[in-house]
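Accompanying notes for the structure given below.
In what follows, every heavy atom counts, from backbone to side chain, and hydrogens, waters and symmetry copies are set aside.
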Protein chains: 2
Amino acid sequence: MKKPTISDVAEHAHVSKSTVSQFLNERFDYMREETRERIEKSIAELNYQPNVVARSLKLKSTATIGVIVANILHSFSTQVVRAIEDKLNDNNFSTIICNADDDPIKEKRYIETLLAKQVDGLIIFPTSGNIAVYQRLVDANYPIVFVDRCVSGLSVDTVKLENHEAAGLAVEHLVMNGYEDIAIMTTSLDGDITPRVERVDGYKCALERFQKPVQEEYIKGKDRKFLKQELAELFSLPKPPQAIISGNDLTLMEILEYATENGIKIGTDIGLVTIDEVAFAQVYHPSLTTVSQPTFEMGEKAADLLLNKFNSEKSIKSQIYNFTPSLIVRDSSKEVGVSHE
Amino acid sequence: MKKPTISDVAEHAHVSKSTVSQFLNERFDYMREETRERIEKSIAELNYQPNVVARSLKLKSTATIGVIVANILHSFSTQVVRAIEDKLNDNNFSTIICNADDDPIKEKRYIETLLAKQVDGLIIFPTSGNIAVYQRLVDANYPIVFVDRCVSGLSVDTVKLENHEAAGLAVEHLVMNGYEDIAIMTTSLDGDITPRVERVDGYKCALERFQKPVQEEYIKGKDRKFLKQELAELFSLPKPPQAIISGNDLTLMEILEYATENGIKIGTDIGLVTIDEVAFAQVYHPSLTTVSQPTFEMGEKAADLLLNKFNSEKSIKSQIYNFTPSLIVRDSSKEVGVSHE
DNA sequence: CTGAAAGCGCTTACAG
DNA sequence: CTGAAAGCGCTTACAG
């Protein structure tokens with residue numbers, strides 16, 4: 001029960017392989033109606049399916065692209081990946097998914113495997129540990145798009161949030177609602193991860209804009225496992241913050257857990273705005289004010305940028321595409337002094 | 001700047017392609033130390049990377065497998081996919097991800113594309129609309145594993161939750177805590193989707209086990225967009241339920257939204273147990289009692305089953321692997337009559 | 001210990 | 001309008 005090949009079809013239809021190939025590629029210009037029908041019938045009878053691997057080898061194009069995320073379990077990544085897969089599938093590309101876990105060694109290995117498999121392009125949520133590898137791809141004019149994070153000094157199209165503004169929106173909203181002392185908490189600031197750095201930066205700028213002092217003890221950026229401890233420090237400060245900005249969905253979970261464990265009432269005892277929309281924001285008590293990212297548009301844009309590189313001959317100058325965050329006001333950041341419920 | 005091929009390496013090292021190939025495949029048995037070093041050096045100098053597509057064509061194996069989920073946005077799917085990707089990557093396989101959206105036409109197209117791309121195997125969260133396609137794969141002895149859902153009459157290894165028991169655990173727990181009238185709500189029961197059908201079935205059996213009547217008006221299975229209306233019906237029954245079992249994470253969101261909008265207090269006004277662990281279960285007020293699935297073990301098992309098919313010659317008889325759910329007791333299902341907070 | 005040759009299943013420029 | 005031939009970049013059985 002061997003799979004039929006193009007030769008089998010050719011033999012069965014009494015034509016040459018070339019002619020079958022013409023048929024498969026819909027080049028009917030010079031094909032006699034009768035030949036065409038015969039081939040069509042043979043394909044159906046033999047239940048022939050072309051072998052894309054052979055085709056790829058000849059055409060040097062696999063219609064497959066690789067996506068390397070840090071971890072697909074983050075809802076931001078899940079959503080972006082879903083949007084990418086949709087867009088690529090619409091254009092008859094397949095998507096290979098890889099989780100690099102912010103580990104440059106793992107990321108490098110994935111890149112090499114994907115290149116060896118001749119994927120036509122790469123969409124990467126980059127770690128900052130493989131600049132040399134990225135540079136090689138850029139130099140070779142290999143199609144590549146970054147998402148979520150930039151890598152400085154590298155000319156690569158990048159799709160990301162306007163993080164500066166995201167933090168600014170949160171600060172502005174809290175200030176307008178009467179909060180004075182505002183803290184911010186993100187996951188570790190060590191790796192120089194763009195969104196974290198930019199969000200803290202945007203937080204500082206916004207405070208300055210409102211002529212409020214930037215207090216270093218209000219800025220917390222540590223690995224997830226240390227966040228509870230950081231929160232304890234925050235709340236035992238001589239002057240604890242009146243509000244806190246959560247840098248992403250992971251910090252949010254830590255903050256909510258800490259609050260629950262310590263009987264701190266969100267929205268009442270402390271104001272809260274979190275960056276990244278979460279599924280339960282609306283049904284939480286109190287409902288959570290969030291700054292959301294247009295994840296689907298971002299994924300779609302990343303896929304589009306890559307697809308364009310396949311079509312257009314010349315490489316256009318690379319750009320950073322900053323997407324606009326939007327503030328969704330709910331109850332966790334109600335005006336100070338206003339009674340709740 | 002063309003990519004170097006095995007011929008370039010051969011020429012550069014003054015050996016034949018065969019010898020380079022031996023080197024690449026680490027068959028050093030008969031290779032002179034000196035030859036080996038020369039090849040090694042040439043590869044490094046030319047920065048040669050083997051072309052896996054060519055290799056795949058010859059070896060008839062791509063080291064790539066396809067995963068077709070309904071929708072990766074469901075956290076169950078995200079987690080299973082993550083586990084699958086990890087396991088496959090450990091075994092040097094790549095994972096192509098596809099979202100079929102419960103659409104048999106889309107699913108069929110994905111299967112065909114993946115087969116044309118010569119993936120070595122398939123892991124599918126099956127719709128029930130492509131039995132003929134599955135049957136063809138089974139007949140051809142093509143490696144395939146189902147996840148989450150079974151397809152009756154088909155001999156395919158399947159990894160799923162013991163749904164019957166999951167619903168049973170929820171019922172038992174509620175009954176033990178004094179709840180009398182227990183409803184269950186899932187998404188649409190039309191498509192004959194295994195987990196939904198089995199959960200409702202398990203619910204019924206458990207009620208009978210406790211000698212409680214099964215009341216059809218307490219069983220709700222509709223498309224997500226109709227759930228609010230179904231909830232309204234439930235709560236306007238002459239005798240509304242005292243507790244509700246949520247069939248999955250989507251129904252949970254609808255229930256929580258409905259409760260919030262209508263001032264119904266979860267855990268106080270109505271007991272709640274939800275199947276599928278959700279990230280915020282612990283920090284919700286009240287915290288949510290859940291029945292959780294061992295998602296990562298399930299994904300790993302699915303990958304393992306597939307990998308085994310590649311290694312073992314003979315096809316072992318196919319099996320259904322039922323995974324055990326676990327009840328995580330929290331506050332949304334506290335004993336009736338016991339005061340809360 | 002190494003090389004020449006055939007072949008995996010396609011596509012395409014060219015000839016007729 | 002169709003076919004023979006070369007080639008994509010590998011692997012492997014076989015010969016020496």
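Residues B:Val197 and B:Asp192 form a side-chain contact, since some pair of their non-hydrogen atoms from C-beta on lies under 4.5 Å apart. When side chains are defined from C-beta on, B:Lys309 counts as touching B:Asp157, because their heavy atoms get closer than 4.5 Å. Residues B:Asp148 and B:Val69 fail the side-chain proximity criterion, which asks for heavy atoms closer than 4.5 Å.
Under the 3.5 Å distance criterion, with hydrogens and angles disregarded, a donor-acceptor pair is assigned to the side chains of B:Ser94 and A:Lys117. One side chain, B:Glu107 or B:Tyr134, offers a donor N or O that lies under 3.5 Å from an acceptor on the other.
If you check every strand for non-hydrogen atoms under 4.0 Å, B:Lys17 touches a base. Among the heavy atoms of the strands lying under 4.0 Å from B:Thr5 are primed sugar atoms or P, OP1, OP2 only; no base atom is included. Within 4.0 Å of A:Ser21, counting heavy atoms only, lies at least one base atom of the nucleic acid. When heavy atoms are screened at a 4.0 angstrom cut-off, A:Thr35 is found touching the sugar-phosphate backbone but no base atom. Residue contacts shown for B:Tyr48 are limited to sugar-phosphate atoms, with no base heavy atom under 4.0 Å away.
Mapped onto DNA chain C by nearest heavy atom, A:Ser7 and B:Arg36 fall at different nucleotides, with B:Arg36 at the one closer to the 5' end. Heavy-atom nearest nucleotides on DNA chain C were determined for A:Val20 and for B:Val15, and the one closer to the 5' end corresponds to B:Val15.
If you walk DNA chain C from 5' to 3' and mark each nucleotide with an atom closer than 4.0 Å to a heavy atom of chain A, the marks span C:dG9 to C:dT12.
Figure legend. C:dG3 is base-paired to D:dC14; pairs are counted as Watson-Crick or G-U wobble with both atom distances under 3.5 Å.
Within a 6.0 Å sphere centred on CD of B:Gln135, heavy atoms belonging to other residues, nucleotides or ligands number more than 12.
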